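Below is one structure; the comments refer to it alone.
Letters A, B, ... mirror the listed sequences (proteins, then strands); counts begin at 1. Every heavy atom of this structure was used, including side-chain atoms; hydrogens, water molecules and symmetry mates were not. Note that the coordinates shown come from a computational prediction; the quantities given were computed from them, not determined experimentally.
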Amino acid sequence: KAGVTQTPRYLIKTRGQQVTLSCSPISGHRSVSWYQQTPGQGLQFLFEYFSETQRNKGNFPGRFSGRQFSNSRSEMNVSTLELGDSALYLCASSSATSTDTQYFGPGTRLTVL
Amino acid sequence: ELKVEQNPLFLSMQEGKNYTIYCNYSTTSDRLYWYRQDPGKSLESLFVLLSNGAVKQEGRLMASLDTKARLSTLHITAAVHDLSATYFCAVDIRPSGSEKLVFGKGTKLTVNP
């Protein structure tokens with residue numbers, strides 16, 4: 001069974017630009033969550049999608065948005081990039097059953113210059 | 001707001017020794033996860049603990065959960081160099097109706113020969 005895939009793996013942008021990250025969950029998983037990992041703040045929850053609906057959102061500004069498609073693939077968008085957005089962005093998928101865990105993808109390393 | 005605290009944050013130990021990593025959380029939850037992260041890599045799921053008194057073991061690692069004390073432990077037995085990594089605990093507040101993990105800051109484990 002293929003794992004969670006994320007594209008691109010690395011990205012370099014400049015301040016003010018926008019970026020779109022993509023995540024393909026494990027086949028059959030309908031829940032996709034996004035997390036930001038930085039050395040200072042650690043791992044922080046961004047949002048979660050289930051069946052194309054956002055079920056929960058973390059404490060991030062509105063510049064961070066996402067969506068999920070009917071095939072459960074998800075995209076995350078960050079507009080008007082700031083230096084502080086430089087981070088590893090991790091996507092996780094889950095079958096959303098009571099006993100399952102979240103399986104993480106390899107991440108997208110975003111550098112904002 | 002749920003807070004998850006791990007200690008120690010840094011742990012240097014010799015091969016063959018035993019040690020325990022602690023994870024305390026502030027809100028009632030009966031769902032806790034342990035992940036491992038190698039440098040530059042994503043998160044690898046180690047254990048899912050789903051009820052009070054749950055104990056899981058895999059190789060030299062054993063995790064337990066005490067929901068009354070809001071405490072989980074990750075015990076390392078006879079450490080080997082390959083266990084060097086950062087270990088995260090995460091608490092699931094799924095009762096809110098969505099998948100959202102709140103992570104501890106991680107424990108960076110270094111096992112020295």
[X] versus [Y], closest heavy-atom pair with distance:
X: Lys41(B); Y: Leu88(A); answer: O-CD2, 4.4 Å
X: Ser42(B); Y: Pro106(A); answer: CB-CA, 3.7 Å
X: Leu43(A); Y: Phe103(B); answer: CD1-CD2, 3.6 Å
X: Lys105(B); Y: Gln41(A); answer: NZ-O, 4.3 Å

Counting only heavy atoms not in [X], do more than 12 fall under 6.0 Å of its [atom1]?
X: Lys13(A); atom1: NZ; value: yes
X: Tyr19(B); atom1: OH; value: no
X: Glu5(B); atom1: CD; value: no
X: Asn59(A); atom1: CG; value: no
X: Tyr22(B); atom1: OH; value: no

To the closest 0.5 Å, what do you measure between NZ (Lys100(B)) and CD (Gln102(A))?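 Atom-to-atom, Lys100(B):NZ and Gln102(A):CD are 11.5 Å apart.
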Nearest 0.5 angstrom please: Leu101(B) CG to Tyr35(A) OH, how far? 3.5 Å
